[in-house]
Amino acid sequence: MMTLQFSLDFAAPETVETPCLVVGVYENGLLTSAAARVDSAAGGAIKRQIESGDITGKAGSTTVLFAPEGVQAKRVLVVGLGTQKTFDGARFQKVNLEAARAIARLPIDAAVSFLAEVDVPGRDAAWRVRTAALAADHATYRYTATFKPREKSSQPELGSMTFAGADDAQAGLDQARAIAEGVHFARELANLPPNICNPAYIAEQAAQFATGQDNVSCNVLDHEEMAKLGFGSLLAVGRGSANKPKLIVLEYKGGAADEKPYAFVGKGITFDTGGISLKPGPGMEEMKFDMGGAAGVLGAFVSAVKMGLKLNLVCVVPAVENMPDGDAYRPSDVLTSLSGLTIEVLNTDAEGRLILCDALTYTAQTFRPQAMIDAATLTGACVIALGKHASGLMSKHDDLANELLSAGEDTLDRAWRLPLWDDYHAQLDSGFADVANIGGKNAGAITAGCFLSRFTEGQRWAHLDIAGTAWDEGRKGLATGRPVPLLAQWLIDRTV
Ligand code: BES
Ligand code: MN
Ligand code: ZN
């Protein structure tokens, strides 16, 4: 499925010919400037509906006026913005999402939105256009990959959005296109079922992306090569599956040849049964999203390449399936990781950290990156702590942590920091190895981060636990594409 097509327009709202014109009104009857122009051209059509109470201005509410006289547009979609005093970036994103959902229900293929003219404290026009475009793209994304081919419906589908009323926003639109491509890449990959999206499939997708891109190369290590190198921890997790592990390495050279790369590492468990420490049946299907970190870092890599960012970037994905089997690893096994540290397995369901530790060691040793960030659907505890709105951020480097927090704020793909204090490490003590793979019931997101920190000493490293943010809840839960916007923004910020 394609991303929406985006463009900019500078005409006056009442003169725009379009199947649908989108304008905003605040809660107390206050019209935005586009709404006021449309209203007066249409002889007070909007104000009348405000007076009648049909239009409330409540944030995210939508009303369609069909063929109002005096304006060129076939429809006018009036979107509630809430109260002006409390209007902020998060509200801006919400109303743009709701507007796009309303447009997508109409039998039209294009629309022109003036919502990007609305003032957002502290944000410029480029930010508004980018955020509006990404919200529209997000709201209109449809997963179609595994449905049986249907006859093309005669109902037109929204394919393009034009943003108007915002000058000097071209850079925002260009970034939106690149980020939307990365988000799509991530969502499509994560939504696929695990019988299709297995380690070899992710490797093929990465290799396919690299083919035909300048400055991008892809190298995939198979389990035999990893065995020779000593990936004892990663390979143990994969032993129960017929789908053998892969280590996917993408490199992008957009910066100077002698410049150290930035590195992303993403958890790519293509299905997490828990292994011998088997998960309960209900909800296990959600564990197809356990490669959300892999999807996220690959998507951010796609965005960086599409933007042609002037930096070097590597993306490393350990892709593994966690299954119970006669040959599966077991609780009490002691593993020797690539770093040489030994690990006592106390729970085979704490497998993400076991593949990440080797991937992080490999990335640090091979690329000596100037910063290394991993993204992983690592712990249920993180979802308990932060819910579905914020990713958990852990780092011992305040500057790196603050860079990531601010990239999250800028893209509304927000993270919240948790501590990695030494005090927590005692929970990982083992009588049989250097470290245990679980730390007990307290502070589960943090002890998982502490485990990873044992393998990243001396590195400028941060960890994003995206267990709550990588997909939406419910029966039709879909991958969100997070943290592609956060990571893409962080990279953009490294180039300015
Ligand atoms: N992939 C899961 C984490 C997860 C659980 C993500 C629920 C999203 C929703 C991870 O591999 C896991 O099973 N973690 C265990 C760790 C525990 C055994 C220490 C968990 O969170 O229960
Ligand atoms: Mn698990
Ligand atoms: Zn997992």
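The figures here come from the full heavy-atom set of this structure, side chains too, leaving out hydrogens, waters and symmetry mates.
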Output all residues satisfying side-chain contact (heavy atoms from CB on, under 4.5 Å) with Ala488, sequence neighbours left out; order by chain, then residue number. Ile179, Ser303, Met307
Picking from Thr3, Leu189, Leu4, what satisfies side chain to side chain contact (heavy atoms under 4.5 Å, CB included) with His184? Thr3
Decide side chain to side chain contact (heavy atoms under 4.5 Å, CB included) for Gln170 and Leu8; before the verdict, give the C-alpha distance in whole Å, the side-chain angles of both, and the deciding distance to 0.1 Å. CA-CA 8 Å; Gln170 189 58 47; Leu8 293 173; 3.4 Å; yes
Under 4.0 Å between a side-chain nitrogen and a carboxylate oxygen: does that hold for Glu351 and Lys267? yes
Contacts of Asp472 that satisfy side-chain contact (heavy atoms from CB on, under 4.5 Å) - sequence neighbours left out: Thr480
Less than 4.0 angstrom from a charged side-chain N to a carboxylate O is my criterion; do Arg460 and Glu403 meet it? yes
Residues, nucleotides or ligands: over 12 heavy atoms within 6.0 Å of Asp168 CG: no
Considering residues at least two apart in sequence or located in another chain, which fulfil the side-chain hydrogen bond (donor to acceptor under 3.5 Å, both in side chains) criterion with Glu98? Arg101
Kindly write out the residues that satisfy side-chain hydrogen bond (donor to acceptor under 3.5 Å, both in side chains) with Gln213, not counting sequence neighbours, or none if the list is empty. none
Report all side-chain donor-acceptor pairs from residues 382-393 shorter than 3.5 Å, counting only partners two or more places apart or in another chain.
| from | atom 1 | to | atom 2 | distance (Å) |
| --- | --- | --- | --- | --- |
| Lys388 | NZ | Gly468 | O | 3.1 |
| Lys388 | NZ | Trp471 | O | 2.7 |
| Ser391 | OG | Thr469 | OG1 | 2.8 |

Using 4.0 Å as the upper bound for N to carboxylate O, is an ion pair formed by Arg123 and Asp410? yes
Taking atom types as modelled and ignoring hydrogens, do the side chains of Tyr201 and Asn195 form a donor-acceptor contact shorter than 3.5 angstrom? no
Set of residues satisfying salt bridge (charged side-chain N to carboxylate O under 4.0 Å, His left out) with respect to Lys310, sequence neighbours excluded: none
Looking at Arg130 and Asp124, does any basic side-chain N land under 4.0 Å from a carboxylate oxygen? no
Please list all pairs meeting ring-ring contact (aromatic ring centres under 6.0 Å, His included) that have one or both residues in residues 28-60, counting only residues at least two apart or in different chains. none
Check the orientation of Phe209 and Phe185. Use parallel for under 30°, tilted for 30 to 60°, and perpendicular for over 60°. perpendicular
Check: Arg494/Gln489 side-chain N/O donor and acceptor closer than 3.5 Å: no
Hey, are Glu286 and Lys288 close enough for a salt bridge, meaning a charged N less than 4.0 Å from a carboxylate O? no
Which pairs would a plain distance check flag for residues 102-119, meaning a side-chain donor or acceptor within less than 3.5 Å of a matching protein atom at least two apart in sequence or in another chain?
| from | atom 1 | to | atom 2 | distance (Å) |
| --- | --- | --- | --- | --- |
| Ser113 | OG | Leu115 | N | 3.1 |
| Glu117 | OE1 | Ser33 | OG | 3.0 |
| Glu117 | OE2 | Ala34 | N | 2.9 |

Side chain to side chain donor-acceptor pair (under 3.5 Å) between Asp290 and Thr377: does it pass, once the steps are laid out? CA-CA 6 Å; Asp290 212 17; Thr377 51; 2.4 Å; yes
Consider side chain to side chain contact (heavy atoms under 4.5 Å, CB included). Of Leu298, Leu487, Ile248, which one does Cys315 pass it with? Leu298
Could you name each residue pair satisfying ring-ring contact (aromatic ring centres under 6.0 Å, His included) that touches residues 63-83, not counting sequence neighbours? none
Results of side-chain contact (heavy atoms from CB on, under 4.5 Å) for Leu418 - residues two or more places apart only: Met394, Ala445, Ile446
With no hydrogens and no angle check, just 3.5 Å: does a side-chain donor-acceptor pair link Thr86 and Thr83? yes
ring-ring contact (aromatic ring centres under 6.0 Å, His included) pairs, two or more places apart, involving residues 78-107: Phe92-Trp127
Determine which pairs satisfy salt bridge (Lys or Arg N to Asp or Glu O under 4.0 Å) with at least one residue from residues 3-18, sequence neighbours left out, and list them in order. Glu14-Arg37
Answer with yes or no whether the side chains of Thr379 and Asp465 bring together a donor and an acceptor at under 3.5 Å. yes
